[in-house]
Undergrad: 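Structure provided below as structure tokens; questions to follow.
Throughout, protein chains are lettered first and strands after them, A, B, ... in sequence-line order, and every chain is numbered starting at 1.
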2 protein chains.
Amino acid sequence: MDNKKVSVKDIARLANVSIATVSRVLNKNGRYSAETEQRVLDIVKQYGYTPNASAKSLRTNRSQSIGVIVPDITNEFFAKIVRSIENSILPYNYSVFICDSHEDARLENQHLANLIAKNVDGVIYISGKSDVAAQDEENDLPVVYIDRMPEHAYATVQSDNEYGGYLATEELLRKGCKRIVLLSDMRPLSSVSQRTMGYIKAHEKYGVTVINDLKADGGASYHIAKQKTAELVEKGVTFDGIFATNDMMALGALHALLEHKIEVPGQVKLVGFDDISLSGFCEVPITTITQNTERIGERAVKVLMKLMLGEANDAQHYVVPVSLNVRKST
Amino acid sequence: MDNKKVSVKDIARLANVSIATVSRVLNKNGRYSAETEQRVLDIVKQYGYTPNASAKSLRTNRSQSIGVIVPDITNEFFAKIVRSIENSILPYNYSVFICDSHEDARLENQHLANLIAKNVDGVIYISGKSDVAAQDEENDLPVVYIDRMPEHAYATVQSDNEYGGYLATEELLRKGCKRIVLLSDMRPLSSVSQRTMGYIKAHEKYGVTVINDLKADGGASYHIAKQKTAELVEKGVTFDGIFATNDMMALGALHALLEHKIEVPGQVKLVGFDDISLSGFCEVPITTITQNTERIGERAVKVLMKLMLGEANDAQHYVVPVSLNVRKST
DNA sequence: ATGAAAGCGCTAACAT
DNA sequence: ATGTTAGCGCTTTCAT
């Protein structure tokens, strides 16, 4: 965007070589003398030449950029993943388009179309879509799904959600809880059902019966969780533990309990999931499952690079470990 | 990225027109019959044709994408702005590159260079740089600065920081505080100095002397604020109010006070800035200044569009209103 | 080791 | 109203 942007042509002229040679030097393709290389590089530096990405992209059909589609960049958990993705791909000199889908499938598709039109080399995708990846199959765009796994996804990276659910529930069980409410997102997200599975398995392991009445489904939001919890209390349901499938819901539950003068962890113990900073900073710091956002982002980039370079011969599925972060609520 | 991507050429052939006509239809440049238009559009739809952005960009020298440089996408305040920017520019069919600078000037420059190489049409920039915008002047890339204002910036959008600082301090003053600690980021950020100015003006207005010993500078972080506040208490400094220039710092202060058994708002009242959700969810919900992230993003996009379209004849400086959100800490 | 030239897909003169 | 054509800046055969 300089007033008069210099091009290969200019560099070639100034260095007394052909444009082909300039291109070779710039791309380290060999077949030039050390001397020529130096000369070209000097001129390049002197004139602050940078190759025109559009031209390059047009010619090579690769754009050196990727897209990342997230449900809500405002959510710390997703923001951290995005940040890790960016950090991890920076060394490869890729740029990243961020698309916030607002948990809306229509917007997701629009964004995906935009990204394709922009010639991205690959996409990292946290999709709200529970099912298939139909349109991704058509075009052979490399896509790695993270956090939520649509069926038939070829490449995925996710936390060990089931074990996380297990750990969370086990923590409650070990601290003596017998009637544990499962406060879960009702959307058909793989992450949620996996966490639920962990909840069930922990019960089995500890020989405690899962009580279905204690399931309180709803949206993933703070408000719904708060309301659902309040309802349970007001209906007189007895319970001594809550496992919320994410921290925002755990926080909502906490507030509902506190408002009803129920002591945490005295009367009811509480575990969340994600480990967003809110869970550590609230009235009663909440025990939670830490997701390693750093690792998730790194791994997603690694896998995507593999796909983009055509080095992946078969499906790529990665699971990153989670850990229990015990705080005051248990 | 389809297996065999269709091009204007294909569409032209299939529709029995020239490629020029196809281009005209697609860009609504007129000089074609309604009938031709229909035919072309049908074919386009039928074959799912999308123009190659690289080619278009190469030809027109515009990429239909912008860059956004933020200090920390993980910070809810910045994330909200990013989201608003995205929402606002979506209708124009621009894509946005996100660059997280980690508050690091070197990274900022690298990102900026990358963006320029990627041919972005403009940049929205939350810079850590306190000074100038030297290199932006060279290349005539449209840049709008938000939140933090380097000197000589041509286009800026920011909150009414001074008034925010005034409102915050006034709230403390009106509730009877006489000795108000200013807990501020020591980095030379325009936003901080403006808020400080508001703090001073409020004192003047209410005839209360500003006590310089009560200034506690430090980084913008939770931990530093907590530590600084603890120090004040331990040194036996008397104060009855704290104005922290952002919510994370306010939270740090709150925790330090609580740990020292100082009642909030009983003994010390506290006001923050930003209105991130954390400030509403903590032990003692913190009174704060709400920044209208929505409006900031919208306005930034409006201004940037103006610049990109060459419609701005002179410097563009916008200030968006703030408001006081009274909670429990005052 | 180097150069000439074709062509990626598109837009915009310039014809007609 | 429509077509022909040059050329954006680059990579990549194919020569030499």
Undergrad: B:Glu103: what forms a side-chain hydrogen bond (donor to acceptor under 3.5 Å, both in side chains) with it, not counting sequence neighbours?
TA: B:Arg148, B:Arg187

Undergrad: By the ring-ring contact (aromatic ring centres under 6.0 Å, His included) test, which pairs, at least two apart or in different chains, include something from residues 20-55 of chain B?
TA: none

Undergrad: Between the side chain of A:His102 and the main-chain N/O of A:Asp100, is any donor-acceptor distance below 3.5 Å?
TA: yes

Undergrad: Using a cut-off of less than 4.0 Å, is there contact between a side-chain N or O of A:Ser7 and OP1 or OP2 of D:dG9?
TA: no

Undergrad: Run the side chain to side chain donor-acceptor pair (under 3.5 Å) check on A:Thr36 and A:Ser33 step by step: do they pass?
TA: CA-CA 5 Å; A:Thr36 319; A:Ser33 66; 2.4 Å; yes

Undergrad: What is the separation between atom CZ on B:Arg59 and atom C1' on D:dT5, rounded to the nearest whole Å?
TA: 11 Å

Undergrad: Give me the residues of residues 30-37 of chain B where at least one heavy atom lies under 4.0 Å from an atom of DNA chain D, by number, or none.
TA: B:Arg31, B:Tyr32, B:Ser33, B:Thr36

Undergrad: With sequence neighbours left out, what residues match A:Asp10 under salt bridge (charged side-chain N to carboxylate O under 4.0 Å, His left out)?
TA: A:Arg13

Undergrad: With sequence neighbours excluded, tell me which residues meet salt bridge (charged side-chain N to carboxylate O under 4.0 Å, His left out) with A:Asp72.
TA: B:Arg83

Undergrad: Between A:Asn27 (CG) and D:dG9 (P), how many Å, whole number?
TA: 17 Å

Undergrad: Residues in salt bridge (charged side-chain N to carboxylate O under 4.0 Å, His left out) with B:Lys80, at least two apart?
TA: B:Glu76

Undergrad: Separation of B:Arg24 atom CZ from D:dT4 atom P, in whole Å?
TA: 11 Å

Undergrad: By the salt bridge (charged side-chain N to carboxylate O under 4.0 Å, His left out) test, which pairs, at least two apart or in different chains, include something from residues 301-317 of chain A?
TA: none

Undergrad: Got a sec, which residues hit salt bridge (charged side-chain N to carboxylate O under 4.0 Å, His left out) with A:Lys118, two or more places apart in sequence or on another chain?
TA: none

Undergrad: For A:Asn29 and D:dT12, what is the distance between atoms CG and P respectively, to the nearest whole Å?
TA: 7 Å

Undergrad: Could you give the angle between the helix axes at the two ends of the helix from C:dA1-D:dT16 to C:dT16-D:dA1, with five pairs per end, rounded to 10 degrees?
TA: 40°

Undergrad: In whole angstrom, what separates A:Leu58's CG from D:dG9's P?
TA: 12 Å

Undergrad: According to ring pair (Phe, Tyr, Trp, His ring centres under 6.0 Å), who are the partners of B:Phe97, at least two apart in sequence or on a separate chain?
TA: A:Phe97

Undergrad: In whole angstroms, how far is the P atom of D:dT5 from the NZ atom of B:Lys9?
TA: 13 Å

Undergrad: Just to verify, what does B:Thr74 make a side-chain hydrogen bond (donor to acceptor under 3.5 Å, both in side chains) with, not counting sequence neighbours?
TA: none

Undergrad: Starting at atom CD1 of A:Ile19, determine the distance to atom C1' of D:dC8, rounded to an integer number of angstrom.
TA: 13 Å

Undergrad: Going 5' to 3' along DNA chain C, which nucleotides are the first and last within contact of chain A (any atom under 4.0 Å from a heavy atom)?
TA: C:dA1 to C:dG9

Undergrad: Both B:Thr60 and A:Val22 contact DNA chain D. Taking the nearest nucleotide for each, which residue is further toward the 5' end?
TA: B:Thr60

